[in-house]
There are 2 protein chains.
Amino acid sequence: MSRTDYPVYLQLRDRLWDWIEAEQLSSQQRLPSERELSERFRTTRVTIRQALSQLEAEGLIFRSNRRGWYITPERLRYDPSRDLGFNRYVIEQGFSPRTETLFKTLTETPVWLSEISGLEVGTPIYHVFRRRYVDERGLLVEHNYINPAHCPGLLSESTDLSIWQMLRDKYNLCPEHRDIEIYPLALKGLEAESLHVNQGTAGLYIQRLSFDQRGNFLELDREYWLHDALKISVRIGERPS
Amino acid sequence: MSRTDYPVYLQLRDRLWDWIEAEQLSSQQRLPSERELSERFRTTRVTIRQALSQLEAEGLIFRSNRRGWYITPERLRYDPSRDLGFNRYVIEQGFSPRTETLFKTLTETPVWLSEISGLEVGTPIYHVFRRRYVDERGLLVEHNYINPAHCPGLLSESTDLSIWQMLRDKYNLCPEHRDIEIYPLALKGLEAESLHVNQGTAGLYIQRLSFDQRGNFLELDREYWLHDALKISVRIGERPS
DNA sequence: ACTCCAATCTGGTATATACCAGATTATGGC
DNA sequence: GCCATAATCTGGTATATACCAGATTGGAGT
């Protein structure tokens with residue numbers, strides 16, 4: 001029994017889904033062009049785009065600006081409460097990570113950061129902005145604000161790997177307390193541009209604010225993820241075996 | 001300096017944002033109709049809708065089916081790792097909660113639940129489906145699957161309050177171990193209908209799988225939130241005062 | 001082989017128009 | 001006052017069309 005009372009674009013959504021399954025399209029493969037799809041499914045490009053947007057919202061496909069539509073890879077599992085480096089858990093899941101440092105600089109603590117970190121406004125602070133890839137798809141950009149009082153000279157190190165690991169191994173820093181915030185938002189401005197996605201693309205924001213044993217501010221991490229790129233997975237307590 | 005090289009709908013997005021601020025529109029207030037806005041801003045309804053969709057993605061406004069656009073209330077803070085009842089933390093934040101039980105039934109464990117819970121396929125299981133409001137806006141729907149072995153007769157209780165509290169107070173059950181999963185998705189089917197939103201509306205999925213001290217399955221909680229309704233906030237470790 | 005540039009392909013933006021379906025409001029009969 | 005119903009208002013869906021801008025491709029010239 002088909003749902004013929006559905007709007008066309010929802011029928012198309014389902015037909016496209018079925019078609020993708022039937023064609024066995026897999027991760028990162030390209031769909032036919034919108035014009036071709038609109039002919040094949042006997043409708044207009046506008047309507048096909050509505051259907052494609054649905055599948056995009058569901059995380060089945062994603063768009064690459066003016067290049068086409070592609071099959072979304074499996075979501076990356078991610079536990080923001082653990083201090084595992086990005087590279088490490090990406091590899092653990094059988095993917096291939098890459099990190100680009102877009103800029104790193106020593107700047108002055110702005111008001112908003114002062115309010116959540118406890119640092120005085122104007123205090124020197126490291127600011128690192130990085131883009132992270134999994135299998136050559138850019139999944140997130142990340143701002144790190146690090147207290148240089150605890151790790152002088154950090155900027156001269158390579159920041160293409162785990163900052164957290166560097167803090168631990170080289171500076172013997174270990175966060176004792178953390179505040180984590182997570183919420184969906186729209187990617188815009190610098191974050192959208194850096195990820196090469198359109199303004200307003202759905203994203204997920206993850207913020208981690210870390211303090212040491214004495215309550216001193218260590219680091220702030222603000223991550224902007226593509227909405228379809230990750231699945232947060234947290235385990236609390238021990239599971240008896 | 002204005003960004004005149006921006007597409008019209010992004011300029012409109014910003015102008016609408018400014019207009020909303022200037023008009024001091026506040027939580028749950030209604031915007032003028034799309035036709036009126038398209039006249040006021042000298043463009044077509046199609047383009048105004050693109051701009052409105054941007055603001056919707058950013059969480060500034062939300063739509064109520066065929067009634068209009070409204071200002072989104074502040075996000076609710078929510079800590080899925082704690083066992084605070086919904087009603088309690090909503091009230092703590094100065095809002096007014098309400099819960100409707102859409103159905104509750106005794107059914108048989110399906111395959112997918114068996115795989116994550118360890119129950120045998122076909123084992124009796126309680127299934128409760130509820131809708132939760134804050135200030136009379138439906139923010140989420142929630143499926144609860146509860147192991148009746150630990151709490152016989154639960155269905156004859158009222159399920160309009162905290163199931164967790166009932167499990168603790170009446171059945172002395174306390175989860176020792178939990179697996180939590182969170183990811184953005186599109187609301188569709190039953191969940192979209194129950195929240196009176198369009199198919200494909202952005203949402204956030206939160207799943208909690210609870211076991212007792214001996215590793216027995218207690219409860220599965222699957223929550224479907226509106227994307228703009230909550231801010232997950234978790235505190236790890238103690239903050240020295 | 002290589003570079004450069006033009007042609008072409010892609011999705012992105014924009015306008016105009018029409019009708020539908022649910023929600024709300026106005027109206028008229030009681 | 002109340003209730004049923006009709007008119008109206010709202011966003012939702014759909015088609016047709018045009019042009020833009022970035023990405024890719026293909027070919028000419030070296």
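Every chain is numbered from 1, with letters handed out A, B, ... down the list of sequences.
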Task: Nearest-neighbour nucleotide for the A:Glu34 side chain, D:dA16, C:dA14, C:dG12 considered - done: C:dG12
Task: Rounded distance in Å - OH (B:Tyr9) to P (C:dG12) - done: 9 Å
- [ ] Check whether any side-chain nitrogen or oxygen of A:Asn198 sits under 4.0 Å from OP1 or OP2 of C:dG12, and answer yes or no.
- [x] yes
Task: Distance flag, aromatic centroids of A:Trp225 and A:Tyr205, threshold under 6.0 Å - done: no
Open item on the list: What is the distance, to the nearest angstrom, from the CD atom on A:Glu36 to the P atom on C:dT10?
Closed with: 7 Å
TODO: Examine D:dA16: is either OP1 or OP2 under 4.0 Å from a nitrogen or oxygen in the side chain of A:Thr44? Give yes or no.
DONE: no
Open item on the list: Please determine whether any donor N or O and acceptor N or O are separated by less than 3.5 Å between the side chain of B:Arg49 and the base of D:dG12.
Closed with: no
- [ ] Quickly work out the A:Asn65 CG to D:dT24 C1' distance and round it to whole Å.
- [x] 13 Å
Task: B:Glu58 bridged to B:Arg13 by N-O distance under 4.0 Å - done: yes
Open item on the list: Is there, by distance only and without an angle test, a donor paired with an acceptor across the side chain of B:Arg63 and the base of D:dG12 below 3.5 Å?
Closed with: no
TODO: Round to the nearest Å and state the distance from A:Tyr6 atom OH to C:dA21 atom C1'.
DONE: 16 Å
TODO: Provide the closest heavy-atom pair for B:Leu230 versus A:Pro184 in the form atom of the first, atom of the second, distance.
DONE: O-CD, 4.3 Å
Task: Within 45° cone and under 6.0 Å: A:Arg222 NZ/CZ vs A:Trp112 ring - done: yes
Open item on the list: Heavy atoms from C-beta onward define the side chain here; which of D:dG11, C:dG11, C:dT13 lies closest to that of A:Trp69?
Closed with: C:dG11
- [ ] Using whole Å, report how far CZ of B:Phe41 lies from P of C:dT15.
- [x] 14 Å
TODO: Find which nucleotide of DNA chain D each of A:Arg45 and B:Val46 is nearest to by heavy atoms, and output the residue with the more 5' nucleotide.
DONE: B:Val46
Open item on the list: Whole angstroms only, please: what is the CD1-C1' distance between A:Ile48 and D:dA16?
Closed with: 16 Å
- [ ] Please determine if a side-chain N or O atom of B:Ser64 lies less than 4.0 Å away from the OP1 or OP2 oxygen of C:dA23.
- [x] no
TODO: Go through D:dG11, C:dA14, D:dC19 for me and flag the one nearest to the A:Arg35 side chain.
DONE: D:dC19
Open item on the list: Regarding B:Arg42, tell me which of base, sugar-phosphate or nothing describes its non-hydrogen contacts under 4.0 Å with the strands shown.
Closed with: nothing
- [ ] Nearest-nucleotide wise, let me know which of A:Gln50 and B:Arg30 is further upstream toward the 5' end of DNA chain D.
- [x] B:Arg30
TODO: Would you name the heavy atoms of A:Asn198 and A:Ala192 that are closest together and state the gap between them?
DONE: O-CB, 4.1 Å
Open item on the list: At 4.0 Å (heavy atoms only), tell me whether B:Thr43 reaches a base, stays on the sugar-phosphate, or touches nothing.
Closed with: sugar-phosphate
- [ ] Tell me yes or no: between the side chains of A:Asn144 and A:Glu219, is some donor less than 3.5 Å from an acceptor?
- [x] yes
Task: Side chain of A:Arg66 - closest among D:dA21, C:dT15, D:dA14 - done: D:dA21
TODO: With the side chain of A:Pro7 defined as its heavy atoms from C-beta on, choose the nearest nucleotide among D:dA14, D:dC19, C:dA14.
DONE: D:dA14
Task: Quiz item: B:Arg67 side-chain donor-acceptor pair to C:dA23 base, under 3.5 Å - done: no
